[in-house]
Protein chains: 2
Amino acid sequence: MAQSDTVDRILDAAEELFADRGFSETSLRMITSKAKVNLAAVNYHFGSKNALIHAVFARFLTPFSATLENAFDDLEARCDGEPPTLNQTLWALTESAVRMPQRNEKGISIFMRLLGLAYTQSQGHLRKFLEQEYSQPFSRFMRLLKEATPQLSSVDRYWRIQFMLGATAFTMSSSDALRDILQNKLGVETTVQEIAARLVPFLAAGMQAEDAMLVPPSHKSSVA
Amino acid sequence: MAQSDTVDRILDAAEELFADRGFSETSLRMITSKAKVNLAAVNYHFGSKNALIHAVFARFLTPFSATLENAFDDLEARCDGEPPTLNQTLWALTESAVRMPQRNEKGISIFMRLLGLAYTQSQGHLRKFLEQEYSQPFSRFMRLLKEATPQLSSVDRYWRIQFMLGATAFTMSSSDALRDILQNKLGVETTVQEIAARLVPFLAAGMQAEDAMLVPPSHKSSVA
DNA sequence: TTGCCGGTCAAACGTATGTTTCAAACAGAC
DNA sequence: GTCTGTTTGAAACATACGTTTGACCGGCAA
């Protein structure tokens with residue numbers, strides 16, 4: 001028991017329920033009854049539902065951003081002077097995510113889904129919170145991407161980063177459902193690591209595609 | 001005025017509010033006050049909030065799926081016998097979307113965001129509705145994708161389709177905000193058509209990337 | 001005119017939400 | 001053991017939601 005076992009039980013329950021159903025669709029009563037704590041405990045320990053949402057993110061994101069900074073440090077040290085390649089940068093990110101110590105077997109996939117939801121559900125407070133708490137590793141990642149794709153114009157790079165973000169956030173945000181479908185249709189089991197391993201080459205290839213053509217092809221064409 | 005101007009006003013308001021804020025986060029009172037109709041009108045004309053959500057999708061999706069079927073017919077006719085290329089298939093889809101008659105200047109981007117939300121917010125009823133109403137054009141698109149990428153294993157293709165879907169839905173769903181950022185940061189104007197023109201090559205390149213490697217690269221590597 | 005009927009309206013219904021209250025239980029220090 | 005500050009507990013609070021109700025309006029057939 002010790003001090004406040006309650007806090008962690010709430011965070012665990014909230015994390016899972018948010019991932020399953022979204023933020024607005026999860027009530028404090030669901031959380032507290034799953035966590036087997038009193039309803040008032042959330043407001044007592046966190047202050048409000050929004051603050052609880054922030055705490056759920058912070059519990060994962062704070063150690064993660066530290067891990068990520070280290071991974072970037074290592075990467076830049078290894079490359080001494082030379083900017084890291086796109087592939088290296090993307091792998092540094094995904095490896096940091098995958099190697100985070102996991103609280104339970106669902107671990108990373110729950111959190112990926114939460115990150116996806118954070119972008120998708122338009123929860124203004126959450127975006128503000130994430131932006132002002134974790135802007136540093138984010139900017140650093142952006143800088144690395146820029147140095148790894150000097151051939152792209154700023155505008156092209158901007159949009160392609162959005163495409164990457166979208167493919168990632170979307171896939172991860174529904175990865176449980178997608179895994180289930182795959183399991184039923186093709187009888188294949190899939191781990192988050194495998195999804196990431198499939199995603200990175202997809203992203204890298206898209207990022208480095210031939211220059212975008214601004215008009216649809218005449219009528220007969222193919223890609224590289 | 002004529003018959004039921006009310007129905008369309010509700011649909012217009014609902015479409016915009018859903019796109020801005022999501023489904024659960026939009027109340028019937030917001031919708032009816034924006035549409036300047038009585039609160040009871042929604043339940044009178046549609047039966048329930050869920051049925052209203054379905055109606056919003058049906059208003060766009062029904063004509064769109066007809067347009068899309070025609071585009072696929074044309075494409076397959078032009079290719080007589082040969083399976084259309086990936087690029088051709090993707091262009092057929094985006095052109096059908098872009099060329100849909102638009103109700104207002106926001107038009108397509110609002111709807112893209114709604115489609116993204118439909119996948120992301122776990123609204124079971126919506127997925128069921130979409131699956132059983134529009135399964136035909138969807139399956140056809142999937143078949144074309146399969147024929148255009150015979151080199152991919154079923155599993156690879158499955159995941160890469162999810163990645164494409166994610167990049168598309170996510171980008172389009174926030175394209176207004178993204179356009180604004182771009183406008184402010186780089187002083188560049190962008191249309192939905194241009195975004196699509198940037199997106200298609202990205203997707204095609206990602207779809208046709210070298211086989212996914214299931215282990216991270218040793219430590220020095222680059223892409224093609 | 002009369003009678004109807006699709007549509008609108010204000011008001012209320014029942015339920016669920018986030019939050020607050022205040023008394024009781026608890027822990028550790030003196 | 002007693003006191004003190006922290007944590008829990010059951011209950012209530014105020015508000016917002018989706019939905020339902022029943023009165024009312026306007027046009028049109030009989």
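Order of the sequence lines sets the chain letters (A, B, ...), proteins ahead of strands, with each chain counted from 1.
In this structure, B:S27 reaches the D:dC17 phosphate: one of its side-chain N or O atoms is under 4.0 Å from OP1 or OP2. A sub-4.0 Å separation between OP1 or OP2 of C:dT8 and a side-chain N or O of B:T6 is present. In terms of phosphate contacts, B:H45 brings a side-chain nitrogen or oxygen within less than 4.0 Å of OP1 or OP2 of C:dT8. Phosphate contact (OP1/OP2 of C:dG18, side-chain N/O of A:S48, threshold under 4.0 Å): absent.
Taking atom CG on B:L39 and atom C1' on D:dG22, their separation rounds to 15 Å, with Å as the unit. Straight-line distance from the CG atom of B:N38 to the C1' atom of C:dA12: 13 Å, rounded to whole Å. Rounded to whole angstrom, the span from the CG atom of A:L17 across to the C1' atom of C:dT17 amounts to 16 Å. Put simply, CD on A:E25 is 13 Å from C1' on C:dT17, counting in whole angstrom units. Rounded to whole Å, the distance from CG on A:N43 to C1' on D:dA14 is 14 Å. Distance NZ (A:K36) to P (D:dG9): 13 Å, rounded to an integer number of Å. Taking atom NZ of A:K49 as the reference point, atom P of C:dG18 lies 4 Å away to the nearest angstrom. Rounded to an integer number of Å, the gap from A:I31 CD1 to C:dA16 P is 17 Å.
Among the atoms of the strands shown, only primed sugar atoms or phosphate atoms (P, OP1, OP2) are found under 4.0 Å from some heavy atom of B:T26. Nucleic acid contact class of B:A40 (heavy atoms, under 4.0 Å, all strands): base. Contacts of A:T32 with the nucleic acid, taken as non-hydrogen atoms under 4.0 Å apart, are absent.
The residue among A:Y44 and A:R29 whose nearest nucleotide of DNA chain D is located toward the 5' end is A:Y44.
The ring of B:Y134 has its center no closer than 6.0 angstrom to the ring center of B:F64.
Between B:A205 and A:G206, the shortest heavy-atom distance links the atoms CB-CA, 4.1 Å.
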Steps toward side chain to side chain contact (heavy atoms under 4.5 Å, CB included) verdict (A:F163, A:R160) = CA-CA 5 Å; A:F163 302 156; A:R160 291 186 183 189; 4.2 Å; yes
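Salt-bridge check for B:D20 with B:K34: failed, with every basic side-chain N at 4.0 Å or more from each acidic carboxylate O.
Side-chain polar atoms of A:Q162 and B:T171 form no donor-acceptor pair below 3.5 angstrom.
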